[in-house]
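Along the sequence shown, residues are numbered consecutively beginning with 1. Computed from heavy atoms alone, side chains included, the values below leave out hydrogens, waters and symmetry copies.
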Amino acid sequence: MDNSVKLEINGIPVEVPAGTTILNAAKSVQVRIPTLCYHPDLKPWAACGICVVRAAGSPKLLRACCTEVAPGMKITTHDSDIVKVRQTVLELILSTHPNDCLQCPRSGNCELQKLASDFGIRDIPFEMRVAEIPRDESTTSIVLNPEKCIKCGRCALVCQEMQNVWALEFLGRGERTRIAPAADVTLNESPCIKCGQCSAHCPVGAIYEKDETAKVWSALKDPEKVCVVQIAPAVRVAIGEAFGQAPGRLMTGETYTALRRLGFKAVFDTNFAADLTIMEEGSEFVERFAHQKGSLPLITSCCPAWTDWMEKYAPDFIDNFSTAKSPQEMLGVMSKTYYAEKMGIDPSRICMVSIMPCTAKKYEISRSEEMFASG
C-alpha cells in the first residue's frame, strides 16, 4: 500500500508521506512559510495565523502548521492577499506589544522581531494597547514579563505536555487572556521546577532567564575579590553556535582562554567535581547497602529541576534520594576550602562563578537550607 501523497506547492510537484503537514511538505522543497506559535518540539495548535496558505478550490485560508496534505492539493503559500493577512496579524500583535526592543533580553534573537523585519513593518496602523501587568520576579531562575506575551501558548504547552508540571496556563478570556501560573499565584508559589523549558521555547521576551551578568562584571572589577569560574561540560559544546561555529564543535580551549582574558584567576572543569560526586554517591551506597544505613534503592540526579520535581510530585522518594551535593555545589565548596588552602587565599575573597546550561542551577544555589557550606 502506498502511503505517500502527491500534491503541488507553488507549482512544484511534491511527494511526502501521508500525515505530513503543509508546513513540513513546503520545507521539503525549500519553501519557507512564516510561523510564530509553531515549534517543532510541540504539537501544532494554530494559535497565531501567520502560516495561512491557500488551497485551490477551498473558500478559506488553511493554517499550514496543523493541516495535513491531501492527494492532488494545489497549495499557494504566497500571494498578495496572503501576505496582507500575515502582515495584518503581525501588526495586531505588535499593537499590544511593548516597543522596547533595545532593552529586551531577546533583542537580536526574537522571532517576532525577525518577522517584523521580514515583512518590512515600520509603522503600526492600530492604536497601541499594551496591558500594564507587573513582572513576576519571584523565582531566582525565571522572570515572567506578561506585557511581552503574544499568547502563542508555547510555554503552557511545554510546561503541561512535555514537562507534565502544569505551572503555566491561560487565564482570562478575550483581550484579557494572559499566561500566568495556575490559580494566578506567583511563579515561585506555583509547581514550577525552574527547568527553563518555558523560556527556551518562548519566541519573544515574555519568559526569560534571570540575568546575573552584571554581578559577575562587578566581581571581576573588585580588586578585593579573587574570581574563579567553573564550566559545565555541555556549555563548551553549545557555546560555539552563538559564535557561528558548527553545532557540536568542542570549544574547550577557546572558552578557557576567553575566561582568563576576562579576568578569572582560575578556570575549573565541573567534570572534576562530577568525579567527586561519583565517589560520594558510591560511599553512600555502600553505607546503605552493606550497613543498612538508609533507604534503598539509592536515587541520584545532578539536575536540580528533577530534584524539585521529585520533592513536589513524588515526595515519598525523598528518603531514597542521595544526600550528595551536585558537582556544581561540590566544586563551590572545594574552591573555598582545598583550593583556598593550597593557594593561600582567604576563602572570603573567593568568588566562584558557575557557567551552567541550566536555569535551575540558579535555583539550586539559592537553597540556603541545604546548599550553603564553607562560605
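- Atom CH2 of Trp309 is separated from atom CD1 of Ile193 by 8.5 Å, given to the nearest 0.5 angstrom.
- Interatomic distance, Ser322 OG to Glu281 CD, rounded to the nearest 0.5 Å: 4.5 Å.
- Taking CG of Leu168 as the start and CD1 of Ile179 as the end, the distance is 6.5 Å to the nearest 0.5 Å.
- The ring of Trp166 has its center no closer than 6.0 angstrom to the ring center of Tyr313.
- For Glu341, the CD atom counts as loosely surrounded, since its 6.0 Å shell holds 12 or fewer non-hydrogen atoms of other residues, nucleotides or ligands.
- In this structure, the separation between CG on Asp123 and CD on Glu91 is 9.0 Å, given to the nearest 0.5 Å.
- A donor-acceptor contact closer than 3.5 angstrom is absent between the side chains of Asn188 and Thr186.
- In terms of modelled atom types and a separation under 3.5 Å, the side chain of Ser218 and the main chain of Lys215 share no donor-acceptor contact.
- Cluster membership for Val14 and Met73, using ILVMFWY side-chain heavy atoms within less than 4.5 angstrom, is shared.
- Put simply, the side chain of Asn3 never gets that close to the backbone of Ala18: no donor and acceptor are under 3.5 Å apart.
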Hey, mind stepping through Val53 and Leu62 against side-chain contact (heavy atoms from CB on, under 4.5 Å) and telling me if it holds?
CA-CA 5 Å; Val53 296; Leu62 306 176; 4.3 Å; yes
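- Using cut-offs of 30° and 60° for the angle between ring planes, the His39 and His201 rings count as tilted.
- To the nearest 0.5 Å, atoms CD1 (Ile75) and CD1 (Ile22) are separated by 4.0 Å.
- Judged by distance alone, the side chain of Arg106 and the main-chain N or O of Val204 form a donor-acceptor pair under 3.5 Å.
- Ion pairing between a basic and an acidic side chain is recognised when a charged N comes within 4.0 Å of a carboxylate O; Arg86 and Asp118 show no such pairing.
- No donor-acceptor distance shorter than 3.5 angstrom exists from the side chain of Thr270 to the backbone of Pro327, with no hydrogens or angles considered.
- In this structure a side-chain-to-backbone donor-acceptor pair under 3.5 Å is missing from Asn271 to Pro233.
- For Phe170, the ring-ring contact (aromatic ring centres under 6.0 Å, His included) partners at least two apart in sequence or on another chain are Trp45.
- Residues that satisfy the salt bridge (Lys or Arg N to Asp or Glu O under 4.0 Å) test with Arg288, not counting sequence neighbours, are Glu284.
- One finds no salt bridge joining Arg154 and Asp41 here, because no Lys/Arg side-chain nitrogen approaches an Asp/Glu carboxylate oxygen to under 4.0 Å.
- Here the NZ-SG distance, from Lys265 to Cys351, works out to 12.5 Å after rounding to the nearest 0.5 Å.
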Before giving the answer on salt bridge (charged side-chain N to carboxylate O under 4.0 Å, His left out), spell out for Glu111 and Lys114 the whole-Å C-alpha distance, their side-chain angles and the decisive distance to 0.1 Å.
CA-CA 5 Å; Glu111 294 179 38; Lys114 185 178 186 310; over 6 Å; no
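- Other residues, nucleotides and ligands place more than 12 heavy atoms under 6.0 Å from the NZ atom of Lys312.
- Counting heavy atoms of neighbouring residues, nucleotides and ligands inside a 6.0 Å radius, atom CH2 of Trp306 exceeds 12 of them.
- Hydrophobic clustering (side-chain heavy atoms under 4.5 Å, transitive across Ile, Leu, Val, Met, Phe, Trp, Tyr) groups Val16 together with Val31.
- Ser326 and Glu329 are not linked by any side-chain donor-acceptor pair at a separation below 3.5 angstrom, with hydrogens and angles left out of the test.
- In the model, Tyr256 has no side-chain atom that pairs as donor or acceptor with a side-chain atom of Arg260 under 3.5 Å.
- In summary, the side chains of Thr359 and Glu209 do not present any donor paired with an acceptor at a separation below 3.5 Å, with no hydrogens or angles considered.
- Between the side chain of Thr20 and the main chain of Pro17, a donor-acceptor pair closer than 3.5 Å is present.
- With hydrogens and angles disregarded, a donor-acceptor distance shorter than 3.5 Å links the side chain of Lys336 to the backbone of Ile350.
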Please walk me through it: do Val333 and Tyr338 pass side-chain contact (heavy atoms from CB on, under 4.5 Å)?
CA-CA 8 Å; Val333 171; Tyr338 183 79; over 6 Å; no
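- With hydrogens and angles disregarded, no donor-acceptor distance shorter than 3.5 Å links the side chain of Lys362 to the backbone of Ile142.
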